[in-house]
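Working notes, beginning with the structure itself.
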There are 2 protein chains.
Amino acid sequence: MGKLERHATIADVAALAGVSVGTASKALNGRGSLREETRMRVREAARQLSFEANAGARSLHSGRTYTVGMITTDTIGRFSIPVLMGAEDALGAGEMSVFLCDGRDDPIREQYYVKTLLSRRVDGVIVTGRRTEARAPIGANLPVPVVYAFISSADPGDCSVVPDEAGGARKAVEHLLAVGRTRIAHITGPEHHNSARVRAAAAGERLTEDGLSLVAPPLFGGWSEVWGRQAVGILLAGRTEFDAVFCGSDQIARGVCDALRAAGRRVPQDVALIGFDNWDVMTEACQPPLTSIDLNLEGLGRSAAEMLLAAINGSPSPGRHAHPCRLVVRESTTVPLP
Amino acid sequence: MGKLERHATIADVAALAGVSVGTASKALNGRGSLREETRMRVREAARQLSFEANAGARSLHSGRTYTVGMITTDTIGRFSIPVLMGAEDALGAGEMSVFLCDGRDDPIREQYYVKTLLSRRVDGVIVTGRRTEARAPIGANLPVPVVYAFISSADPGDCSVVPDEAGGARKAVEHLLAVGRTRIAHITGPEHHNSARVRAAAAGERLTEDGLSLVAPPLFGGWSEVWGRQAVGILLAGRTEFDAVFCGSDQIARGVCDALRAAGRRVPQDVALIGFDNWDVMTEACQPPLTSIDLNLEGLGRSAAEMLLAAINGSPSPGRHAHPCRLVVRESTTVPLP
DNA sequence: GGAAACTAGGAAAACGATTGCCGTCACGGT
DNA sequence: ACCGTGACGGCAATCGTTTTCCTAGTTTCC
C-alpha cells in the first residue's frame, strides 16, 4: 500500500473474494444469510486491501452523516476548549466526527460556516464561545438540531446549556460562611458582562438569606490581575473591615492575593480568598493555592453533546439548562495545619 | 422551511424549474451551454428551496472531499490552539473543512481516529500537540498526505513544521546583549524536555560567539512559576552576580520576577528579564510587563496547512521545516522613560 | 434548398455502498 | 416424481450529483 495508491472500493474486495458487491457488503456488515466460509473470505480480502467503507457513499444511503458541526462564536479560547473537548469526547463515543469552525466573532464568517455545514449534511450543530450576553441564534428554522453550549441563545426556545453561575456564587459564599467569615467583599469583572452581574447578585442574595450583606457594593472592573491589585487598593483605602474576598475570576483573585500580601495581610489567616473558574494556572501559582469555583466546562460540553445526540434521535430538550458548578477547596480559605 | 423539512435535492430544484437534473446541475455550476433565462430560472428555484448541494454526493464524483483531519496528540492545550486556529484559517480559505480529533495521548484512540478519518476520505491530515520529543508517525504509507505541526515526526522523511526554538533563544540572548547585559543566567524547564535542552544550548552558543558564557550552568526544573521562584533562591544563594535572566517559559519568568522583587532586586534596572512563549496572561500580569519570545504558533499552523494543501495538490515538502520566532519587547528588559 | 454548424437541453452512466427481491440449488417429505 | 422449503448469493434499484454523449431544432452559407 504505497502513498499513491487509490483507496480500495468494495468492488475491489468483492473481486478479490470472488463474490458480487452486494454479497461483499453483506459479509462485511453481518447482513443477509451467507456461509461462514464466504464471510471469512470477504473479510480476509478486505483486510488485505485495507478496505475502509467510504463514509460519504454510505451516508448517501442512510441519510445520516454521523458528523456534527461545532461553531465557536469568538476565537477559541480558554473557556471554549474544555467545552469543545467534552463535546468531542461525548460525540466520539457516539461514533460522530466533529467539524471545527472558528467563527472569530465575524457574523459573515459564521454564516458561511453554517452554509458549509449544511451542505455537508451534518446531523447537528453545537455553538459555543464566550459572550457578555446571550447571542442571536445562528439561523432560523434550520433543518438540523442546534445546541448552544456555554453561551446561550437569545431565543428561549433554543436548547442552551450554560453553567449555573448563580449557584456557583452561592456555593462560594456558603463556603466562606462555613469557614467562619462574615465580612465579605466582592471584586469582579465589568458590570456590562452578564456573568459579573449574575454572580454578584447571587452572592448578595445568599448573604441576605443569613441576614448579612457584602461589606461594600461589588467592585466591578476587569477580569485581570491588574484590576485585582487595584481593587485591593480601593478596598483598603475605604477602611472597611473585611475577612474574606470573593473574586469574580481566578485572575482577579491572584491579583488580590498579591496585593494583600504586599499590604501585609495574610491569606487565609486575615483574609480568606476564593476565586472563580478554577483555572489551574492561577490556582496553583497563587500563594497560597487558591480555592475556586469550577465551572465544570468539560462536563457541560459533554452534556450539551448528549442533548444534541438526543435531539438528533428525535428527543429535543428545548430551553435553557443550567449545569452545576463545583467548589474546589485549597489553602486560600483554609488555615493549613501547623 | 420548517425544522422537520427534508433537505432539498437537485431533483426538487429541477422539477420546480421545469428542467432535467442534468440541466439543473449545469445551470448551478456554470457548465454546459444554457440559455441565460434557463440558468436564472434554475437559480431562482434553488434559492426558493434553499438548496445546497450535498457535499458527500458531490465528492463521490470528484474523488475529493475538501476535508482534512486534525489530530492532536495530547489533550488540546494552550499550545495546540493557536496552531489549530492558524491551520483552520488557512484551510478555510481553501474551502476545506476540518475534522477535529482529540487524541488525548492515547495511541489506541489515535489509531481509531486515523481509521475514521480515512473512511471519511479526508484529503489530508495535520497532526499537532506537544511532546517532550519527536513522536512516532501516525501510520506508514498512508494514502493521504500528513503534515506534523508544532510536534515533529520521528521519521525525518515526514513533513514537520516546528518552531525555530534555537533561533528564538538566540534572539533572546541578542536582545539582552543589545540592552547592555552580559552576566546572563538561564532558568528553564525539565532537562528531559527537548525544548529545554535546545533553548539552553542555543543560548550558550550565542554567548560563546561573543566570547561570553552563562554565569552559571542552566537551571533545569519545571515550566512553572513555582520553579521560577525556587530557582531564584538557588541563584541568589550561589552568590553569582547576574544582570539578566533568560527564562525557558513565561511562567518561569513570572515566578522569577516575583521572587526577585521579594528579594529587593528591581526589574529591569538591576536584572533584565526575558521569557519564552509570549503568553499574554503572563506577560501582561507580570510587574513589569514581560519581554518574551513569541513562537508564532498561529503562523506555524497556517504554514503547516499551506504545506498540506500543496501536498494534496501534488507538491509535497518532505522534511523538517523551522518556523521563525519573534522577539516582543516590553518593560522587563527596557528601563521605562522617566 | 440542402448540408454543415451551432445551440439548448435531455438521457443515462458513472461515483461507492446498501438492501430488497429473486433465482437456484439441494434436500426432505409425500 | 413432485412440491415445498431453506440456504446462499446474485441482480438491480437507490441515494444525490456530475458529466459525457446525443438528439432535436435553428442558423448560416453556398
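Every chain is numbered from 1 and lettered A, B, ... according to where its sequence line falls, protein lines coming before strand lines. The shown structure was predicted, so the numbers you read here are calculated from the model rather than taken from an experiment.
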> Do side-chain atoms of B/E133 reach the backbone of B/S152 as a donor and acceptor pair under 3.5 angstrom?
Replying inline: no
> Does a donor on one side chain sit under 3.5 Å from an acceptor on the other, for B/T67 and B/R120?
Replying inline: no
>> From CG of A/L118 over to P of D/dG16, roughly how many Å is that when rounded to an integer?
In response: 16 Å
> Of the non-hydrogen atoms in B/P163 and B/L295, which two are nearest, and what is the gap between them?
Replying inline: CB-CD2, 3.8 Å
>> Between A/T73 and A/R135, does the side chain to side chain donor-acceptor pair (under 3.5 Å) criterion hold? Intermediate values first, please.
In response: CA-CA 9 Å; A/T73 287; A/R135 55 154 294 154; 2.8 Å; yes
>> I need the NE2-P distance between A/H7 and C/dA17, as an integer number of Å.
In response: 10 Å
> Considering heavy-atom distances to DNA chain C, does B/A57 or B/R41 have its closest nucleotide positioned more toward the 5' end?
Replying inline: B/R41
> Just how far, in rounded Å, is P of C/dT18 from CD of A/E52?
Replying inline: 12 Å
> Do B/R41 and B/E37 meet the salt-bridge criterion of a basic N to acidic O distance under 4.0 Å?
Replying inline: yes
> Taking the side chain of A/V19 as its heavy atoms from C-beta onward, which of C/dT18, C/dG10, D/dG10 lies nearest to it?
Replying inline: D/dG10
>> Quick check for you: among C/dG9, C/dC21, D/dT18, whose closest atom lies nearest to any side-chain atom of B/K26?
In response: C/dG9
>> Measure NE2/A/H61 against C1'/D/dC15 and give the value in whole Å, please.
In response: 5 Å
> Counting only non-hydrogen atoms, which of residues 29-40 of chain A are less than 4.0 Å from DNA chain C?
Replying inline: A/N29, A/R31
>> Does A/R130 have more than 12 heavy atoms from other residues, nucleotides or ligands lying within 6.0 Å of its CZ?
In response: yes
> So does A/R109 have more than 12 non-hydrogen atoms from other groups sitting under 6.0 Å from CZ?
Replying inline: yes
>> Under the rule for ring pair (Phe, Tyr, Trp, His ring centres under 6.0 Å), what residues qualify as partners of A/Y66, not counting sequence neighbours?
In response: none
> Looking only at side-chain N and O atoms, does A/T23 come under 4.0 Å of OP1 or OP2 in D/dG9?
Replying inline: no
> Within the structure, does a side-chain N or O atom of A/T9 lie under 4.0 Å from either OP1 or OP2 of C/dG16?
Replying inline: no
> Could you give the CZ-to-P distance, from A/F51 to C/dG16, as a whole number of Å?
Replying inline: 10 Å
> With distance as the sole test, does A/S160 use its side chain to make a donor-acceptor pair with the main-chain N or O of A/S153 at under 3.5 Å?
Replying inline: yes
>> Rounded to whole Å, please give me the gap between CG in B/N54 and P in D/dT14.
In response: 18 Å
> Between D/dT18, C/dG9, C/dT18, which nucleotide gets closest to the side-chain atoms of B/I10?
Replying inline: D/dT18
>> Just to be sure I understand the rule, does A/R64 reach a base, reach only the sugar-phosphate, or reach nothing, if contact means heavy atoms closer than 4.0 Å?
In response: nothing
> Short question: side chain of B/T65, backbone of B/S59 - any donor-acceptor pair under 3.5 Å?
Replying inline: no
> For A/L60 and D/dC15, what is the distance between atoms CG and P respectively, to the nearest whole Å?
Replying inline: 9 Å
> Which listed nucleotide (C/dG10, C/dA17, D/dG9) is nearest to the side chain of B/S20?
Replying inline: C/dG10
> Using the C1' atoms of the five pairs at each end, what is the angle between the end axes of the helix from C/dG1-D/dC30 to C/dT30-D/dA1, to 10°?
Replying inline: 70°
> Out of C/dT18, D/dT18, D/dG16, which has the shortest distance to the side chain of B/S25?
Replying inline: D/dT18
